[in-house]
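Right, one structure below, let's go through it.
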Amino acid sequence: MTSMVDIHRAHAQSHKRGLIAYIILIGLLVYVATTKQFDAYITNILMQAVTYSVAVMGLTVVLGLCGQINLAQAAFFGLGAYAVGLGTVDYGISFWGCIVIGIGIVLFFGAFLGTSTLRLGGHYLAMVTISFQQILTLVMINWIPVTHGPDGVSKILKPSLFPTPQSYLGFCVVVLAVVGYLVWHLPETKLGRAMRAVRDNELAAGVTGIDVQRTKVIAFAICALLGGLGGCLFAGGFAYVSPDQFSFAESIVFLTMVLLGGVSSPVGAVIGTGLLILIPEWLRFLKSIPGLYLAIYGLAVILIVLFMPDGIWGFVSQKLKRFRKVLHLSADVPELELVQTQAHADDVLVVTSLSKHFGGLKAVDEISFTVKRGSVHALIGPNGSGKTTTLNVLSGLYTPTGGSVSLDGHDITHAAPHMRTAVGLGRTFQNIRLFRSMTALENVIIGGERSGNPVESGALAREERARAALNFVGLGDRAEELVTSFSYGHQRLIEIARALAGNPTVLLLDEPAAGLNSTEKMELRDLLKRIAAKGLTILIIDHDMTLVGAVAEHITVLNFGRRIADGDPVSVLNHPDVVTAYLGSDANAAH
Amino acid sequence: MPLIELKDLSVRYGEIEALRGISLSVEAGEVVTLLGANGAGKSTTLRAISGLTKPASGDILFEGRSLAGLGPEQIVRLGIAHVPEGRRVFPGLTSRENIMLGASNRSGVSKSDIAREADAMFDLFSDIRPFADALGWTLSGGQQQMVAVARGLMAKPKLLLLDEPSLGLAPVIVSKVFDIIKEIRRMGTTVLLVEQNARMGLSVADRGYVLETGKLVVSGNPSELWNNEDVRAAYLGGHARAS
Amino acid sequence: MDLVYQLLFTGIGIGSVYALVALGFVLIFRATNVVNFAQGEFSMVAAFLMVIFAVDLEWPYWLSLILSLGGMAIYGALFNLGVYYPLRHRTYLPVIISTIGASILVTNSTLALYGPQPQVLSNLLDFQGINLGTVFFDSQYLLIIGVTIVLVAFQYWFFEHTLLGKKLQATSQDKEMASLLGIPVAAMIMITFVYSAMIGGLAGILVAPILFVSIHMGGTIALKAFAATIIGGFGDVAGAIIGGLALGVIETFGAAYVSVPYKDGFAFLVLVMFLVFRPQGIFGERVAEKA
């Protein structure tokens, strides 16, 4: 057993070695780029590849990490390029000043498009970005007094610091290296994890405390920023920009580059960009027939999506994975603590006259119940009685038709899912919703990253807490494995650990026993008892009466959307209405 | 020869074993009820019969012929109609249109004949006649259930699979739905009924089977099952007194 | 005042084309939950087929029209088999990207085969139009409006009064349930693509004499049709028609009173304004979130 600090030190050291190797590699590249004599043609191709790669990494972030589409990357690229072109030529602003202005402009448009569209879902975003692309092309061509129209802007100056093309190329390589480094490490940051969570499972991301909308907008803005930065560098390198360089077709080229190389990594971005800049140069004869080579791009897009969804780098890294060994570090972490916020009142979750109707169907009809602090409360009822709907209203996935919900004195009736999590609501799902591309540890860390978590934060503390939560459910030694490699029952435990890491005030468990075999059910029962022993308030929904009877101190029974009984287990389970609800009544005799 | 026979049927959903080798049969003209708690595998059994879920092993014989490899569209043409859990009434179509589409498995029937048959369904289900032209999503749960059963009968099935017709319905509506099942039985249609509501489920049945976590545990006639302690335990977890 | 009537007429004419393409959009979206980004190419391909048959081969218009629409039916079927069907179990993102790939492929293949110069197709009717006062009713616009009315009426009858129409609706609402009733789901989706390609193609043929027949006509029309569906309320058939007409009128008046070069920009401006202020469109969501 090693301590967390040791593990962290080991990680930091391997990280440091990697960084040094990376810096040496980039140094070599810069040395070659600046000293070796290239002819102008080669320099231009390299310049294009490097500046395009910066923009394509933007797509790595938005599409690869966050799962959102952007079909206007050429427009952002063009905005950056025009900022440098017009700024230096017409307004006499320095190159560096233009970069700042250009980035400001793309961030503004990126954030505007993002905030107005991202909540509406993928199709809207695709269309709106295409529209933005088209409008921008129209403006570039038609607003002649400002943009010079179809002729474009020529005689753009390089910054005086890098007077020769090759020294400027060296500078661009450094910028690309820095961007690549940041994008490579982004997935391991809190923001990057949030993006991946949104991509893997938007619903679960919200319930785990991630502000889904904000995360998407940030991803989109970063993508726009990198597009704009690439464009700024491009304008300096080529000294000439015109509208046709930034058309919709170019946005498709950017998209093809990231898809071909692989959306999941900046390495894929560089591979895809390099190939798609070199291949057309090798196949220049194709350009003699207009349209032919873009037609091949179109076909390539379809074929990649059909047969190589992870791109070249995805394919290669899959092969490499066999040689990489997974570290099995069992860290010596302290036992999981569940810190409770200062109690305001004994009634921690108060549900009053809650209703949810779907058209003519009253799924939940004026239900009221109160969960006491520190108790295990069960909500039961036959299938279709409205339990899961109630839970979905409680966690903010449905808006109630009427009634109110308050948690720890806060009215959360209309709060978004992540706001409820911030107040202290944690939950699991009947059909497990883990972030499937991540390890068990990453899943649980995200749970601990919720805002309002009363436990101290900081990367070390968060990881320690996540490991403690995994130890608590008995999976600590498999923390580094992907969640998809766990059995169904163990995935359920990871989901519980994810909720526990966030220190919830109330834990909602949605049919935790569903799909488990009898041994797993016994383990689950013991786990729930251990959680309850730590004083955490639990609201459990299940059909499994053995489980409910063994752990619950208080039971509320629903049937056809209404509350039919409420009280301690023995009296509730023998309540005539409950027996009737489960075993059925002879309805004919009753009438 | 039984109308339908399940032989050592197993179904898996990824990691989960939903059915673990069950064998049962239904004779022509019978009403057989499949009981069990939620998650026991009742719905999975029906989904396997109607072709929505592919079995991992075992076989299903309908009129002596194996259903292996057939999809739901082909199986319903052989005469097995499935009224699934949750009713699944098309929300954007009217009750009448929903019911008329129930005849989609029969070829060579004219639209006017189908319309006439659908109208006859409103005699059997008189409660929904006033809502014949209301869109599916505006109906209450009970009305949706009646539309769903009527839609299933429009297939003129040799075997009708009914999945939890009492789901989420108030007792007075449940009793109406079961009156209709009795009527269906009187008309001679063979029914395989899945029910959580044990008393109601057994009240219309000739025989019953009890499933527990993917396995058949007991079978027998309704009164035997009703008085069986194991059946009660499967539902109420042994906490309730026998009444 | 006459100018207003003239513009209104022109706007409704061009808006009818957007409405037809939007209709095709909505049908595919409802059947597959996928926005087809190659929808505009249905119009473009049909217009080029018409140029091949009627202009290059000099066959009669009626025959060219039948052949072009027949060609579109085949194209719609191939499109379904090549671009949508293999991806039907994946999420929407690969499907979107695949349709975008198809759009690029078809546009540029046409460019490679036919070159960049726009083609001209003359009015389908022999007479030029009618003068009523100072307002000129161009025959092509009259034809467009007439065909749109007939098609919308046909579609209403088809979906509301035929069993096949009901089966298509059932498929778009719940595929699993439809298959349980014996409705052949794959065939229903195929019919949707074929029909959608044909009405998109018809719109392209009708608008060809007004615009030039160029490889870019598909992209422009598709974006406007999409804007029309957003204005009307996404996935709503009536909304798509009203949205298309509204957009045609807004655009025509915008071009006349504000700026010609930015004519194509108005659609996008309206689109963005709707997205920001009323994303559910004029009609909003008709069917509740869960039935």
Side-chain angles (χ1 to χ4, degrees), chain B residues 46-47 49-53 70-94 96-107 109-115 118 135-141 144 147-148 151-152 154-157 161 163, chain C residues 23 26-33 85 88-89 155-192 232-240 280-281 283-291:
Chain B
L46 297 195
R47 291 177 63 89
I49 295 173
S50 66
L52 289 175
T53 304
L70 298 183
E73 291 156 24
Q74 292 142 335
I75 289 175
V76 66
R77 288 201 186 91
L78 297 177
I80 301 180
H82 183 176
V83 178
E85 186 182 351
R87 305 175 282 270
R88 307 282 283 271
V89 169
F90 298 113
L93 299 180
T94 65
R96 189 192 303 278
E97 290 163 353
N98 265 284
I99 292 173
M100 284 171 71
L101 285 182
S104 301
N105 65 325
R106 290 147 58 197
S107 47
V109 191
S110 76
K111 192 191 164 197
S112 55
D113 284 346
I114 292 175
L135 289 180
W137 70 273
T138 64
L139 301 176
S140 73
Q144 288 185 6
V147 170
R151 186 173 61 183
M154 284 295 284
K156 293 248 163 85
L161 309 175
D163 197 348
Chain C
L23 221 53
V26 170
L27 290 179
I28 288 186
F29 178 74
R30 286 178 21 144
T32 64
N33 279 321
Y85 209 68
R88 66 193 180 283
H89 298 306
Q155 186 161 318
Y156 175 80
W157 169 81
F158 178 68
F159 275 100
E160 292 306 318
H161 294 282
T162 70
L163 267 183
L164 183 58
K166 292 297 164 196
K167 287 179 185 175
L168 285 166
Q169 285 192 51
T171 306
S172 72
Q173 288 166 25
D174 186 342
K175 288 186 187 51
E176 189 177 87
M177 191 61 230
S179 73
L180 276 182
L181 296 181
I183 297 171
V185 170
M188 294 298 122
I189 289 173
M190 180 58 100
I191 290 173
T192 307
F234 209 75
D236 188 285
V237 171
Q280 73 274 39
F283 292 98
E285 299 281 75
R286 284 253 178 104
V287 177
E289 49 191 308
K290 178 189 158 192

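What's counted below: heavy atoms across the whole structure, side chains too, no hydrogens, waters or symmetry copies. Note on naming: letters A, B, ... go to the chains in the order of the sequence lines (proteins, then strands), and numbering restarts at 1 for each one.
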- Task: Of all the heavy-atom pairs spanning B:Phe90 and C:Leu181, show the shortest one and how long it is.
- Result: CE1-CD1, 3.7 Å
- Does any non-hydrogen side-chain atom of C:Met177 lie less than 4.5 Å from one of B:Arg87? no
- Query: So, for C:Pro184 and B:Glu73, which heavy atoms are closest and what is the spacing to 0.1 Å?
  - Reply: CA-OE1, 3.4 Å
- Item | Under 4.5 Å from a heavy atom of chain C, the part of B:Leu93 involved | both
- Please check if the side chain of B:Lys111 supplies one atom and the backbone of C:His161 the other of a donor-acceptor pair under 3.5 Å. yes
- Calculate, to the nearest 0.5 Å, the distance between atoms CG and OG belonging to C:Leu164 and B:Ser104 respectively. 10.0 Å
- Task: For the residue pair B:Leu101 and C:Leu163, establish whether any side-chain heavy-atom pair is separated by less than 4.5 Å.
- Result: yes
- Message: As an exercise, state the distance from CD1 of B:Ile80 to CG of C:Leu180, rounded to the nearest 0.5 Å.
- Response: 11.0 Å
- Query: Any idea which of B:Thr138, B:Val76, B:Asn105 has the most non-hydrogen atom pairs under 4.5 angstrom with chain C?
  - Reply: B:Val76
- Query: Does B:Arg47 have any salt bridge (charged side-chain N to carboxylate O under 4.0 Å, His left out) partners at least two apart in sequence or in another chain, and if so, which?
  - Reply: C:Glu176
- Query: Which atoms of B:Ile114 come close to chain C, meaning under 4.5 Å heavy atom to heavy atom: side chain ones, backbone ones, both, or neither?
  - Reply: side chain
- Residue part contacting chain C, namely of B:Arg88, when any heavy atom lies under 4.5 Å: both
